[in-house]
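What follows is one structure encoded as structure tokens, with my remarks underneath.
Quick note on labels: first sequence line is chain A, next is B, and so on, each numbered from 1.
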Amino acid sequence: MSAQLKISLPDGSMREMPVGSTPADVAAAIGPGLAKAALAARVDGELVDLSRPFTGDAKLALVTSRDEADALELARHDFAHILAEAVQALFPGTQITFGPSTDDGFYYDFAPKDRQFTEDDLPAIEAEMRKIIAADKPLRREVWSREQLISRWQQQGESFKAEWAAELPGDEDLTVYWSGEDWLDMCRGPHLPSTGKLDPAAFKLTRVSGAYWRGDQANAMLSRIYGTGWLNKKQLAEHLNRLEEAAKRDHRKLGAEMDLFHLQSEAHGSVFWHPKGYLIWRELEAYMRRRLDRAGYDEVKTPQVMDAKQWEQSGHWGKYRENMFVIPDAVPSTEDDGALVSSDADWMALKPMNCPAHILIFKQGIKSYRDLPMRMAEFGCCHRNEAHGALHGIMRVRQFTQDDAHIFVRPDQLVEEVKSFCDLLDLIYKDLGFADYTIKLALRPDQRFGSDEMWDWSEASLRDAVVATGRATAQFGWEELPGEGAFYAPKLEFHLTDAIGRKWQCGTLQTDTVLPERLDASYIGEDGEKHRPVMLHRAILGTFERFIGIMIEHYAGKLPVWLAPVQAVVATIVSDADDYARDVVRQLEAAGIRVEADLRNEKINYKVREHSLKKVPHMLVLGKREAEEGSVALRSMGAEHQKVMPLAEAIALLKAEATPPDRR
RNA sequence: GCCGCUUUAGCUCAGUCGGUAGAGCACAUCAUUCGUAAUGAUGGGGUCACAGGUUCGAAUCCUGUAAGCGGCACCA
């Protein structure tokens, strides 16, 4: 008797199939169209190869290109394999290592034989990949033992693969995938049935870069090739177009076009804020100051430079010195030859963070448990000598100003304080137009200060607080990141996304018991004894530099009126309207609007174009008609048509829009 | 810091085989007074990132340095 398997399909129907049959057989049984379109299968929810025999009765859903998420994942994974195969065909002796799919494509890391790859190599590799796709090579799964794998990789001189295989579990089925009969990679799968299922016009190799083997700086530098991969040519074109559009929002480009700031090599990693850029900063800072005042913070200002001895005591000199700018505490020599500074000068350092200084303020006088929580805020300018390759526009710089604060709390106040911080951050992010942000909890790293009990407690407090605010959810991308915490404390991280999808940490909150201990901060408890406060390091914007950079990209330069450096331009059509225009400007200025006049002898088309490119939110266009009527033609960014209205009405409208959100 | 690439006028970029630089925009002057995304003419403007080297001769070839860009690692 031949046993039959019961295979149930998504439409509720059931098919009996002989033992040993595969999802591909089911597809063929249903119809030739489906057999051709099927890419893979979900069997009892698990994504598997079409050719993988059923192991028992099962629920089957065939995956076609209409199941876009699964299909893209499969395609990108296959593109990565084909990339590896192509590179080995063109550059014999290149070792393969690892190549996953990414959000928009794939990459593969290679150990090149004699030189790193460059972008000039990409066209030839792409062509070779297309050959492999055109050959429609079947992708066949085989189960191997670990020993088989290791010996195969060793034989082929694939030392990275061999190292990796040696660490795979010995008691599980390990799989390899053959591409045709001549190339294989070890891989968990699943894969498409054959390379010909890929659209040769749906991928593009985009760039090369270095990447460390296993992500560790101590390891070999591999050569990584990135590609973007899709299901068809149209999707690829749309993606490339999105990238092009996103590049137009780049804060570095808009910063120059809108005359907000510049960077130059003599002060690399430090921003030259121009008047218009600094207006955004001032408006943002004023807003933050009002919010913090209302939330019970006390603002302070602390020294930019402190003696190295102080940094030794805080632990930064030992743990953080490579990122610090040090300054000799000496009068430089004015002689032309010889050392500028004598070698026995004492050292001082620019502050890389504000926390020690805030503890020093806390320690002045005696603090009672009644004084806590104490929220000490500072818009603190810090310097960190970052790795040069890390610098990025104004998002990652060497001089930056944090909206920093340290909250000294009793242990019993911790969770409540973290909750109010999360609420304050949420309020501020929404005011600034960021309803979407993600929250991560970075847990204890391997190298750390403090006891396990302390870490258990701090991590649980942060987790509990976020859970209590209802934000430990998928909507907020809630995720715990093992090993990512600071050496002294676990961290809540609040991330925002830039124009091309890169994530940036902005807000942060860390619970620190180490620094109060090292710098001997204490308060007198109800019991009359000294106790250690817990210190919360926290920032909402993170830094003004990064946050303004993110805002520029988020709004594509079209900032909300209250933040726009120039809120309105008064532009004349004919010089006969000049006097009226000057009067309009005066009245707008009196109403507190940041306004500029454009009385140049230029056509109105020219003026409209220029101010539109500068992202000025409102233009008040004045010709003879308006001058006679005392009206204005208001042309607003994003609106299709101008609106003619009495001047008083326009002023009221602009005034309302120019009001910061906390004053509405 | 590591891998790859780039650096020419204020900006965006051309510049072939090595023979001492060119466009558009911007700027200045003049004309034009015009109704919602570029009016026309004329003119000024460059140690070709920096330092060496090869060569009769270097923007161009070679070496080094710096900064920038894309990643990696690190991080707000």
Side-chain angles (χ1 to χ4, degrees), chain A residues 107 109 112 115-122 206-226 250 252-253 256-257 259 262-269 320 322-323 352-353 380 382 384-393 395-397 400-404 442 484 486 491 493-496 500 502 504-508 510 537-547 549-550 571-578 599-614 619-626 633-635 639-642 644:
Chain A
Y107 67 78
D109 286 348
R115 66 163 176 89
Q116 302 281 331
F117 297 116
T118 79
E119 276 173 31
D120 295 340
D121 296 321
L122 298 185
T206 49
R207 53 184 182 251
V208 297
S209 106
Y212 298 105
W213 168 236
R214 302 182 147 208
D216 188 336
Q217 205 167 4
N219 291 338
M221 174 61 69
L222 305 172
S223 196
R224 174 174 297 179
I225 297 178
Y226 280 95
D250 191 306
R252 292 164 297 191
K253 184 175 150 67
E257 285 173 5
D259 193 19
H262 85 271
L263 295 153
Q264 63 181 63
S265 59
E266 289 77 4
H268 70 277
Y320 204 71
E322 61 176 19
N323 284 302
M353 37 193 84
C382 297
R384 295 182 190 172
N385 198 353
E386 302 283 358
H388 287 197
L391 301 179
H392 180 92
M395 308 271 229
R396 183 83 184 268
V397 286
F400 50 84
T401 300
Q402 299 176 313
D403 64 319
D404 202 5
E484 302 267 310
K491 253 192 328 187
E493 301 179 358
F494 299 83
H495 294 257
L496 293 173
I500 65 165
R502 285 181 289 224
W504 295 89
Q505 183 184 324
C506 292
T508 182
Q510 303 155 25
H537 306 248
R538 44 110 295 174
I540 291 174
L541 306 179
T543 69
F544 281 85
E545 286 81 359
R546 177 173 294 180
F547 203 90
I550 291 271
T572 49
I573 298 171
V574 291
S575 52
D576 285 348
D578 285 2
L599 310 182
R600 290 175 302 172
N601 176 13
E602 294 290 351
K603 290 190 169 180
I604 193 61
N605 289 324
Y606 181 86
K607 296 184 184 182
V608 165
R609 175 183 157 80
E610 194 167 279
H611 301 300
S612 299
L613 289 174
K614 299 261 183 200
M619 282 189 71
L620 289 77
V621 180
L622 309 181
K624 266 188 195 164
R625 220 150 54 212
E626 287 76 12
L634 184 67
R635 187 189 208 277
E640 260 192 53
H641 300 290
Q642 59 163 340
V644 180

Heavy atoms only, 4.0 Å cut-off, all strands: where does [X] land among base, sugar-phosphate and nothing?
{"X": "A:A387", "result": "base"}
{"X": "A:H268", "result": "sugar-phosphate"}
{"X": "A:E386", "result": "base"}
{"X": "A:Y226", "result": "sugar-phosphate"}
{"X": "A:G393", "result": "sugar-phosphate"}
{"X": "A:G215", "result": "sugar-phosphate"}
{"X": "A:R625", "result": "base"}
{"X": "A:I573", "result": "base"}
{"X": "A:L613", "result": "base"}
{"X": "A:S223", "result": "nothing"}
{"X": "A:F547", "result": "nothing"}
{"X": "A:Q642", "result": "base"}
{"X": "A:K253", "result": "nothing"}
{"X": "A:A633", "result": "base"}

Is [X] near enough to [N] that one of its side-chain N or O atoms lies under 4.0 angstrom from OP1 or OP2?
{"X": "A:R207", "N": "B:C69", "answer": "no"}
{"X": "A:R502", "N": "B:G70", "answer": "yes"}
{"X": "A:R252", "N": "B:C69", "answer": "yes"}
{"X": "A:Y320", "N": "B:C74", "answer": "no"}
{"X": "A:K491", "N": "B:A76", "answer": "yes"}

* To do: Measure the shortest side-chain to side-chain distance between A:H392 and A:R252 over non-hydrogen atoms and say whether it is less than 4.5 angstrom.
  => yes

* Is any N or O donor-acceptor pair between the side chain of A:R224 and the base of B:C72 shorter than 3.5 Å? ->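 No pair found.
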
* d(NE2, A:H537; C1', B:A76) in whole Å -> 14 Å

* Spacing between A:N605 atom CG and B:U33 atom C1', to the nearest angstrom ->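 Spelled out: CG on A:N605 to C1' on B:U33 is 14 Å.
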
Pairing partner (Watson-Crick or G-U wobble, both distances under 3.5 angstrom) of [N]:
{"N": "B:C61", "value": "B:G53"}
{"N": "B:C69", "value": "B:G4"}
{"N": "B:U16", "value": "none"}
{"N": "B:U29", "value": "B:A41"}

* To do: Identify, between A:T543 and A:K603, the residue whose nearest nucleotide on RNA chain B lies closer to the 5' end.
  =>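 The residue whose closest nucleotide sits nearer the 5' end is A:K603.
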
Taking the [atom1] atom of each, how far is [N] from [M], in whole Å?
{"N": "B:C25", "M": "B:A67", "atom1": "C1'", "result": "25 Å"}
{"N": "B:C11", "M": "B:C27", "atom1": "P", "result": "14 Å"}
{"N": "B:C62", "M": "B:U6", "atom1": "P", "result": "11 Å"}

Within the sub-3.5 Å range, which N or O atoms of nucleotides 13-16 of chain B have a protein N or O partner, and how far apart are they?
none

* **B:C17 glycosidic torsion: syn (within 90° of 0) vs anti** =>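 With its glycosidic angle within 90° of zero, B:C17 counts as syn.
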
* To do: Could you tell me whether A:R214 and A:D216 make a salt bridge, using a distance below 4.0 angstrom between a side-chain N and a carboxylate O?
  => no

